[in-house]
Student: 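Below: one structure in structure tokens.
Computed from a prediction, not measured in an experiment: that's the story for all the values here.
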Amino acid sequence: MPRRTLWLIFAVLVISLACYERADHNPYGRWFSEILDTIDRYYVEPVDEQKLFEGALDGMIGRLDDYSAFLPRSEAPEFEEALDQEYGGIGVEVGLEGPQKQLTVMSPLAGTPAYKAGILAGDKIVAIDGRGTANLLLTEIKRMLRGKPGAAVAITVRRTGHDEPLDFPLVRARIQTDSVLGDVRQPDGSWNFLLPGEPQIGYVRLIAFGKTTASELEVALKWLADRKCRGLILDMRNNPGGLLEAANDVCDLFVPAGAVIVTTRWRDMRVRDRFVASGNGAYQNLPLVVLVNDKSASASEIVAACLQDHDRATIVGERTWGKGTVQNVIPLEGGRSLLKLTIASYWRPSGKNIHRLSSSREKDEWGVTPDAGCELKLDEPQTAQLLEMRRKRDVARAIGAAEGSQPPVADSPLEFDRQLERAVQVLQAKLAAPTKSA
């Protein structure tokens with residue numbers, strides 16, 4: 001037998017022995033298998049092993065922290081679609097409204113099959129492919145509406161002013177979801193990033209951090225630059241976060257070369273990664289105000305903290321949520337399910353902590369706090385009113401919509417948004433201040 005073959009056999013034996021020793025010292029996998037087999041053999045009713053497996057993982061990972069999670073086969077695709085910012089569907093935002101929890105179109109997305117067909121905000125979807133939508137969960141409804149681009153789907157709606165239901169035969173398309181929004185939509189469905197009555201002030205809402213967020217923001221900033229915008233309000237209220245890389249790319253647009261954007265640390269507090277600005281950002285001198293609230297979390301806190309620590313923006317609004325941990329998404333079962341696992345923590349450029357522990361108190365250091373004189377809290381009724389008024393303002397007018405078929409909106413968001421009004425005041429003061437000489 002050749003010597004090379006002998007060495008190969010020896011290496012395989014050593015690896016096998018190491019694996020056996022590892023299994024012997026950590027027997028939980030074997031015990032789990034034994035329990036699953038025992039349940040399968042003796043439980044009083046037949047069992048679904050896939051459901052048992054998913055339940056076991058969900059319970060185990062749920063013991064770790066609030067942000068680690070197991071995403072089963074039924075939830076993994078929607079999670080990936082949210083990060084990719086695209087999916088196959090008809091292009092409507094839906095919700096369950098009223099005492100009867102009726103499936104309602106909140107807004108058709110401009111340029112999508114639903115928009116082109118004339119589906120309107122306020123339409124009640126009563127059937128999808130002939131199946132009634134009453135008593136269905138919203139997650140199930142979304143799965144019915146979504147599907148492979150090119151696949152047909154029939155929507156039946158009830159509309160105010162029409163005695164009979166309206167049928168819309170549609171063909172699903174690839175839907176690109178926006179994470180960068182303006183104040184109101186223009187007639188062609190695109191966003192207007194200027195505030196009414198404030199031709200020099202840009203207003204950009206970041207609602208999430210996905211794969212296209214930074215490129216979307218660059219388009220919006222170029223749109224504003226072409227219109228001689230002198231200052232920007234970056235609204236990240238209610239932004240739950242998203243990709244760390246997207247937050248880094250957004251910060252890179254505004255901070256100078258060499259500026260630390262964020263660091264991540266292992267559990268032993270060793271620095272894992274240090275994100276530093278490239279210096280290629282075209283908006284390093286653009287006056288900024290950032291709006292945040294108690295629902296701004298994760299990646300939105302990274303951006304707010306970076307801009308605050310480098311004195312690039314004034315923070316207005318409310319103290320942020322306090323999520324300072326990094327999750328990796330690990331494919332399981334050949335990619336059919338996902339493990340979202342906390343692997344590190346992230347820290348502000350100043351070295352201060354962002355993460356709010358379960359034991360943290362109000363006086364402790366966590367989150368991002370508005371600058372002095374810029375904290376403005378809203379109570380629950382005020383928050384609810386703000387969300388409702390903003391929802392009406394976000395509606396896209398579908399082609400062929402009759403006058404009066406869309407909800408009336410305020411002339412300016414400053415009429416109902418006290419926090420935005422304060423942000424405008426702060427930015428106007430920045431723009432009026434004399435320029436510092438070099």
Side-chain angles (χ1 to χ4, degrees), residues 67 83 179-180 204 206 208-218 221 231-236 239-292 296-317 319-328 342-357 360 364-372 374 430 436 438:
Y67 304 108
L83 294 180
S179 58
V180 176
V204 174
L206 295 188
F209 286 85
K211 289 184 178 179
T212 67
T213 298
S215 58
E216 288 180 60
L217 181 57
E218 286 192 88
L221 292 171
L232 175 68
I233 295 172
L234 196 61
D235 189 345
M236 296 189 294
N239 183 325
L243 297 175
L244 175 62
E245 293 78 8
N248 174 71
D249 292 342
V250 166
C251 292
D252 199 43
L253 295 170
F254 301 112
V255 294
V260 175
I261 293 172
V262 67
T263 58
T264 63
R265 304 181 188 181
W266 298 109
R267 61 185 177 188
D268 61 3
M269 299 306 292
R270 286 184 298 114
V271 173
R272 174 177 177 263
D273 285 306
R274 178 178 282 104
F275 294 84
V276 178
S278 66
N280 296 325
Y283 305 96
Q284 298 177 36
N285 298 311
L286 180 68
L288 295 173
V289 172
V290 171
L291 268 172
V292 293
S296 303
S298 189
S300 58
E301 293 178 284
I302 290 176
V303 173
C306 172
L307 298 180
Q308 186 179 52
D309 284 355
H310 292 297
D311 200 26
R312 277 294 291 115
T314 302
I315 309 300
V316 175
R319 189 183 196 179
T320 59
W321 177 263
K323 180 192 177 292
T325 55
V326 181
Q327 283 74 42
N328 260 12
T342 300
I343 61 164
S345 57
Y346 61 77
W347 298 71
R348 301 176 61 141
S350 60
K352 292 182 179 180
N353 172 55
I354 285 180
H355 193 61
R356 176 177 52 153
L357 301 170
S360 295
D364 292 336
E365 182 183 273
W366 53 266
V368 180
T369 301
D371 287 279
C374 294
K430 282 176 176 277
K436 296 179 181 179

Student: Rounded at 0.5 Å granularity, tell me how far CG in L217 sits from CG in D249.
Tutor: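 The CG atom of L217 sits 10.5 Å away from the CG atom of D249.
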Student: Please check this pair: side chain of N239 against backbone of S300, looking for a donor-acceptor N/O pair closer than 3.5 Å.
Tutor: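 Flag not set: sc N239 to bb S300 has no pair under 3.5 Å.
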Student: Between W347 and M269, which heavy-atom pair has the shortest distance, and what is it?
Tutor: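 Of all heavy-atom pairs spanning W347 and M269, the closest is CZ2-CE, 3.3 Å.
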Student: For P370, is there any backbone N or O sitting under 3.5 Å from a side-chain donor or acceptor partner on R319?
Tutor: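 Not at all, since once roles are kept as given, no pair shorter than 3.5 Å links the two residues.
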Student: Kindly write out the residues that satisfy side-chain hydrogen bond (donor to acceptor under 3.5 Å, both in side chains) with S179, not counting sequence neighbours, or none if the list is empty.
Tutor: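 Once residues adjacent in sequence are excluded, the partners of S179 under the side-chain hydrogen bond (donor to acceptor under 3.5 Å, both in side chains) criterion are Q85, T213, E216.
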Student: Say whether, by atom type as modelled, one donor and one acceptor occur between the side chain of D371 and the main chain of I315 under 3.5 angstrom.
Tutor: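 Yes; judged by distance alone, with no hydrogens or angles, the pair exists.
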Student: Ignoring hydrogens and angles, write down the donor-acceptor pairs under 3.5 Å from the side chains of residues 273-280, residues two or more places apart or on other chains.
Tutor:
{"from": "S278", "atom 1": "OG", "to": "D252", "atom 2": "OD1", "distance (Å)": "3.2"}
{"from": "S278", "atom 1": "OG", "to": "D252", "atom 2": "OD2", "distance (Å)": "2.7"}
{"from": "S278", "atom 1": "OG", "to": "N280", "atom 2": "N", "distance (Å)": "3.1"}
{"from": "S278", "atom 1": "OG", "to": "N280", "atom 2": "ND2", "distance (Å)": "3.4"}

Student: Distance check, rounded to the nearest 0.5 Å: H355 atom NE2 versus T325 atom OG1?
Tutor: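 Nearest 0.5 Å value for the NE2-OG1 distance: 5.0 Å.
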Student: Does one side chain, of D309 or S350, offer a donor that lies under 3.5 Å from an acceptor on the other?
Tutor: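 On atom types as modelled, these side chains qualify, holding a pair under 3.5 Å.
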Student: Is it true that a side-chain atom of Q308 and a backbone atom of T314 form a donor plus acceptor pair closer than 3.5 Å?
Tutor: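 Not at all, since once roles are kept as given, no pair shorter than 3.5 Å links the two residues.
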Student: If you count heavy atoms of other groups shown closer than 6.0 angstrom to NZ of K430, is the number above 12?
Tutor: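 Counting other residues, nucleotides and ligands, NZ of K430 exceeds 12 neighbours.
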Student: When rounded to the nearest 0.5 angstrom, what distance separates NZ in K352 from OG1 in T369?
Tutor: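 Answer rounded to 0.5 Å: 9.0 Å.
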Student: Using 30° and 60° as the class limits, which term best fits the ring planes of F254 and Y283: parallel, tilted or perpendicular?
Tutor: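 It falls in the tilted class, 30° to 60°.
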Student: Supply the atom-to-atom distance L253 CG to L232 CG, rounded to the nearest 0.5 angstrom.
Tutor: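 One finds 10.5 Å between CG of L253 and CG of L232.
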Student: If a pair satisfies side chain to side chain donor-acceptor pair (under 3.5 Å) and one of its residues is in residues 255-266, list it, with sequence neighbours excluded.
Tutor: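 Matches after skipping sequence neighbours: none remain.
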Student: So, taking the atom named CD1 in I302 and the one named OG1 in T320, what distance separates them when rounded to the nearest 0.5 Å?
Tutor: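 It is 11.0 Å, given to the nearest 0.5 Å.
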Student: Measuring from R356:CZ to K323:NZ, what's the distance to the nearest 0.5 Å?
Tutor: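 With rounding to 0.5 Å, CZ (R356) is 12.5 Å from NZ (K323).
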Student: Backbone N or O of V260 within a donor-acceptor pair of the H310 side chain at under 3.5 Å?
Tutor: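 Flag set: sc H310 to bb V260 pair under 3.5 Å.
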Student: I'd like to know if the side chain of N353 reaches the main chain of E365, judged simply by a donor and an acceptor atom lying under 3.5 Å from each other, with no hydrogens or angles considered.
Tutor: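 Here the side-chain-to-backbone pair exists.
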Student: Scan side-chain atoms only and decide if R312 and Q284 contain a donor-acceptor pair under the 3.5 Å cut-off.
Tutor: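 Looking only at side-chain atoms, Q284 and R312 do not form any donor-acceptor pair under 3.5 Å.
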Student: Side chain of Y346, backbone of L244: donor and acceptor closer than 3.5 Å?
Tutor: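 Such a contact is absent between Y346 side chain and L244 backbone.
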